[in-house]
Number of protein chains: 2
Amino acid sequence: MDAADFAVVRRNMLFRDLDEALARDIVGDRSPRAYAKGQVLFLQGDRVDGLHLVVSGWVKLYRATEDGVDTVVAIHGPGQSFGEAAALLGAPAHAGAEAATEARVLTIDAERVRARLTADPDIAFRMLASASMHLRVMVEELERLKSLPATRRIAGFLVELAGDARGAVELEFPYEKTLIAGRLGMTPESFSRGLAKLREHGVGVERERVSIDRIETLRAVARGDLA
Amino acid sequence: MDAADFAVVRRNMLFRDLDEALARDIVGDRSPRAYAKGQVLFLQGDRVDGLHLVVSGWVKLYRATEDGVDTVVAIHGPGQSFGEAAALLGAPAHAGAEAATEARVLTIDAERVRARLTADPDIAFRMLASASMHLRVMVEELERLKSLPATRRIAGFLVELAGDARGAVELEFPYEKTLIAGRLGMTPESFSRGLAKLREHGVGVERERVSIDRIETLRAVARGDLA
DNA sequence: GTCCCGCCTTGATCGAAGTCCAGCCGGGAT
DNA sequence: ATCCCGGCTGGACTTCGATCAAGGCGGGAC
């Protein structure tokens, strides 16, 4: 694994403030594996063999409901990990994972982590922190979905993408709009209409390119201060 | 703390398969504290002093959105714990906690758990399991909210309350309908109408008493097999 | 090049749930 | 007992988003 990849790994909660040597030791000689778009990492109910950490690209987690429709539960990008708890506990995955774009994902051997864990309980704290963060994100998502109108949810998504940028922002959608719509809990049609409505707040969309005149305006929309 | 209370504690994920002596040791000499309905355990953003475990009654976790409305994130009953990760990490709570009914809650000192954790890494696994379960519940809730019609969500709630009972079931709502409605992500009015619609599937409601002719029928409704 | 297929957009319609409102009922206080 | 008050129910109306349906556009296969 090269230095650039390792830098991404270190952005993850689990490894962020971990001792460099220990971090390398845990990763071992594993290298990220490349997945084609649409390729399945594991299915819902599968026993997960290790912790997954996205190095590049995006991976979607989804659950199949009885009637065949699947709902997107989360989408993870570079530096984000998933399936930690399931892997460590040897429990079946409660969601399936599939590459949403071309992606490279590092799989870290659960057994190896477990071994290091008994040696250094601090690792356990990090894993808890990681799980806790997932929980927080989930809760926020839930809160958003509970009542916010589509336009606000979309504005929120764009704001998240923009990070802490100021003023005019140019960015591009990381994956298909259909998928974004699913993640935001709406149909592609509603997503499209919502984006159209955001035009009056200085948002321009052309294919996957998005230009935002003033990100602050959008933040206001996301907060609900602006219609 | 008496034996009955301790039995409830042991139903919790964290303590379920833990060695009896160790479990008692972790709890220490703490006793459950009684809270009146509406009393606040901690506020969103507070530093949490310990793990909370509900012994009796119900505690709601809620988040205040900017516009003053709060959304109910989760409601925990006997044997369920919350705030584990926050307490252990010393992070601020991402939700506030308030007694939804009269409730008794055991607060377990985080420092004490942390100390035991270095001694027995197995505890870390249990905490992860606990966090992971919370996550799963959250994910399922999210999935439900994403698309299911009100009636199905209500049916699902009743089924959950009924546990694995069969045939005719009598039960009562654990807390106000308004609160249940909030948890299910709908208004009290919608909840009321939804319950009314369930009458045609053999559900009778009188104040907080609910009588279900055949729980299996309700399971079918929750699954979507029945309109 | 042309054709086709997915993805996206837009329009029209419909239904489910939210809002606003009025009335009911039961419990607690006086 | 009577009066409130809070929680619940149900009606009327409205609004948001899903569904159905019809194109547009671009990219890949040939």
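Here is the naming used below: chain letters follow the sequence lines, and residue numbers restart at 1 for every chain. We use all heavy atoms of the structure for the numbers below, so side chains are in, but hydrogens, waters and symmetry mates are not.
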Distances under 3.5 Å between nitrogen or oxygen atoms of protein and nucleotides 12-15 of chain D:
residue: D:dA12; atom: N6; partner: B:R193; partner atom: NH2; Å: 3.4

Do any N or O atoms of the protein come closer than 3.5 Å to N or O atoms of nucleotides 3-7 of chain D, and which pairs are they?
none

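Counting to the nearest Å, the P atom of D:dG17 and the CG atom of B:L148 are 18 Å from each other.
The CG atom of A:L184 lies 6.0 Å from the CZ atom of A:F157; values are rounded to the nearest 0.5 Å. A distance of 7.5 Å separates CD1 in A:I180 from CD1 in A:I75, rounded to the nearest 0.5 Å. Between atom CD1 of residue B:I108 and atom CZ of residue B:F15 there is a gap of 3.5 Å, rounded to the nearest 0.5 Å. Here CG of B:L171 is found 6.5 Å from CG of B:L158. Values are rounded to the nearest 0.5 Å.
Looking at residues two or more places apart in sequence or on another chain, you find a side-chain hydrogen bond (donor to acceptor under 3.5 Å, both in side chains) between A:S190 and A:T187. Qualifying side-chain hydrogen bond (donor to acceptor under 3.5 Å, both in side chains) partners for B:Y35, counting only residues two or more places apart in sequence or in other chains: none. Qualifying side-chain hydrogen bond (donor to acceptor under 3.5 Å, both in side chains) partners for B:E160, counting only residues two or more places apart in sequence or in other chains: B:R183. Residues forming a salt bridge (Lys or Arg N to Asp or Glu O under 4.0 Å) with B:R209 (at least two apart in sequence, or on another chain): B:E170, B:E172. For A:T217, the side-chain hydrogen bond (donor to acceptor under 3.5 Å, both in side chains) partners at least two apart in sequence or on another chain are A:R214. A:H94 is linked by a ring-ring contact (aromatic ring centres under 6.0 Å, His included) to nothing, counting only residues two or more places apart in sequence or in another chain.
Not one N or O on the side chain of B:K177 forms a donor-acceptor pair closer than 3.5 Å with the backbone of B:E208.
Counting only residues at least two apart or in different chains, side-chain hydrogen bond (donor to acceptor under 3.5 Å, both in side chains) contacts with residues 72-88 of chain B comprise B:N12-B:S81, B:S81-B:E84, B:E84-B:S130. Note on residues 47-57 of chain B: pairs passing side-chain hydrogen bond (donor to acceptor under 3.5 Å, both in side chains), not counting sequence neighbours, are B:S56-B:R104.
Each of A:R207 and B:A196 lies near DNA chain D, and the nucleotide nearest B:A196 is the one positioned closer to the 5' end.
Contacts between residues 182-189 of chain B and DNA chain C, defined by a heavy-atom separation below 4.0 Å, involve B:G185, B:M186, B:T187, B:E189, listed by number.
An OP1 or OP2 oxygen of D:dT9 is reached within less than 4.0 angstrom by a side-chain nitrogen or oxygen of B:S192.
Here chain A contacts DNA chain C (any atom closer than 4.0 Å to a heavy atom, that is under 4.0 Å), and the contacts span C:dC8 to C:dA12 from 5' to 3'.
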